[in-house]
Amino acid sequence: MAEKKKTPKSSVKKLESDLKAIEDQALLYAKDLARIFAERKEKERQLELTKHQLARSARIALLGEIAAGIAHEINNILTPAVGNLSMLLMHRNSLSQETVDRIELIEKNLMKASSMLQQILDFSRKMPEKREPTDIGTILDQSLSLLQYKFAENQIKIKKNLHPDLPKLRVDNPQIEQVFTNLSLNAIDAMEPGGTLHIAASYQVEKSARKQPYVQILFEDTGCGMPPEILEHIFEPFHTTKHKGIGTGLGLFICYGIIEKHGGTMDVVSTPDKGTQFEIRLPVA
Ligand SMILES: Nc1ncnc2c1ncn2[C@@H]1O[C@H](COP(=O)(O)OP(=O)(O)OP(=O)(O)O)[C@@H](O)[C@H]1O
Ligand SMILES: [Mg+2]
């Protein structure tokens, strides 16, 4: 039997449906391509961030070593100087009141400098540690209860949002308490009365198999924030914007080191006049 001849109408229909199929396929490819580009962009962003964090970590470690070396040398000079002043004061009866006052003032200032240097030395000598499974919420409460008067005095509110089922972490309790205290004090300094410090902790399980689950702790204030040029250096030793005698610029340097020693990471984002958020990640062993 002779093949039925296609009408022009049916060939148009066939061509239209072919075209539609090609368009659908092209759309799928385009979507795939867009997803691949987005993934690539995200990976590039992560790579940049990791490179930046590594460079910062190396810079802080180097500055820490230099600071410890200098602290050691200066402390060797300060210790006998303080000793000699104490000896002079043993003969205070043969000295005028003005001389005694001046010697006491010098002694007080030298002791202050010495205790500052001691902080760096203790830290760089890797203070003895006692890591035990500990509840992060309990450490946070210890730290906040000691600072209660400071929060009240400065009219700062605290809002806590801790995940109820946080796993215990193997940490050195006093060291982590020191981190929470430093972050709280900085937040208080950065805020006007009426400000709020939000503290949150949650359990995070990374999707990627290589990454360990961790507890994320956030300290977020509604304070003055920082411009990028300050933000870049805040973890370095002696970097402070506070008045002489108020800040030493060692707080965050020590916090950073403590968290690193615990195998964690510490990061910060800040917007001038809006506030600052510190993020700590501590691995769940
Ligand atoms: N929450 C914050 N908001 C705004 N700026 C901050 C905040 N935390 C830290 N900073 C900035 O980072 C600097 C370094 O902080 P860091 O705690 O190391 O030292 P410090 O507070 O100046 O002195 P101290 O050694 O007494 O802690 C501060 O001087 C301040 O400029
Ligand atoms: Mg501080």
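Residues take their numbers from the sequence shown, with the count starting at 1. Counting starts at 1 for both ligands and their atoms, following the listed order. Keep in mind that this is a model prediction, so the values were computed, not measured.
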Among Leu185, Thr276, Thr241, the residue with a heavy atom nearest to atom 29 (O) of ligand 1 is Thr241
Need the ligand 1 atom indices (1-based, order shown) with element for anything under 4.0 Å from a heavy-atom of [X].
| X | value |
| --- | --- |
| Thr240 | 20 (P), 22 (O), 29 (O) |
| Thr248 | 23 (O), 24 (P), 25 (O), 26 (O) |
| Leu252 | 9 (C), 15 (O), 16 (P), 17 (O), 18 (O) |
| His239 | 13 (C), 14 (C) |

Going by side-chain contact (heavy atoms from CB on, under 4.5 Å), Ile139 matches just one of Leu144, Ile217, Ile176. Which one? Ile176
side-chain contact (heavy atoms from CB on, under 4.5 Å), paired with Ile258, selected from Val179, Asn182, Ile280, Val171: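 Exactly one candidate clears the test, Val179.
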Less than 4.0 Å between a side-chain N and a carboxylate O, is that true for Arg45 and Glu42? yes
Identity and distance of the protein heavy atom lying nearest [atom]:
| atom | result |
| --- | --- |
| atom 1 (N) of ligand 1 | Asp221 OD2, 2.8 Å |
| atom 11 (C) of ligand 1 | Met226 SD, 3.7 Å |
| atom 12 (O) of ligand 1 | Ile234 CG2, 3.2 Å |
| atom 19 (O) of ligand 1 | Gly249 CA, 3.2 Å |
| atom 21 (O) of ligand 1 | Lys242 NZ, 2.7 Å |
| atom 17 (O) of ligand 1 | Asn186 ND2, 2.8 Å |
| atom 3 (N) of ligand 1 | Ala190 CB, 3.2 Å |

Can Gly223 be said to touch ligand 1, with heavy atoms closer than 4.0 Å? no
Whether Leu250 lies under 4.0 Å from ligand 1, heavy atom: yes
With no hydrogens and no angle check, do the side chains of Thr181 and Ser143 hold a donor and an acceptor under 3.5 Å apart?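 Side-chain D/A pair, Thr181 to Ser143: present.
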Between Asn182 and ligand 1, is there a nitrogen or oxygen pair with a distance under 3.5 Å?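 No: no nitrogen or oxygen of Asn182 is under 3.5 Å from one in ligand 1.
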Could you tell me whether Cys224 and ligand 1 have an N or O pair separated by under 3.5 Å?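 For ligand 1, there is no N or O atom that lies under 3.5 Å from one belonging to Cys224.
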If the cut-off is 2.8 Å, does any N/O/S atom of Asn182 fall short of it from the Mg ion (ligand 2)?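 Here the distance criterion (N, O or S atom, under 2.8 Å) is not met by Asn182, so no.
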Which label fits Tyr256 and Phe235: parallel for a plane angle under 30°, tilted from 30 to 60°, or perpendicular past 60°?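 Correct class here is tilted.
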Backbone N or O of Leu110 within a donor-acceptor pair of the Ser114 side chain at under 3.5 Å? no
With distance as the sole test, does His262 use its side chain to make a donor-acceptor pair with the main-chain N or O of Asp172 at under 3.5 Å?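 The answer is yes, because a donor-acceptor pair under 3.5 Å joins these two groups.
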If you look at every heavy atom in Thr276 and Gly225, which pair is closest and at what distance?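 Smallest interatomic distance, heavy atoms only, reads OG1-CA, 3.5 Å.
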Please tell me if the side chains of Arg92 and Glu104 come closer than 4.5 Å, counting only heavy atoms from C-beta onward.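 Yes, their side chains come closer than 4.5 Å.
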With heavy-atom distances below 4.5 Å as the criterion, would you say the side chains of Thr265 and Ile259 are in contact?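 Not touching, per the 4.5 Å side-chain cut-off.
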Using ring centroids (six-membered ring only for Trp), state whether Phe238 and Phe253 fall under 6.0 Å. no
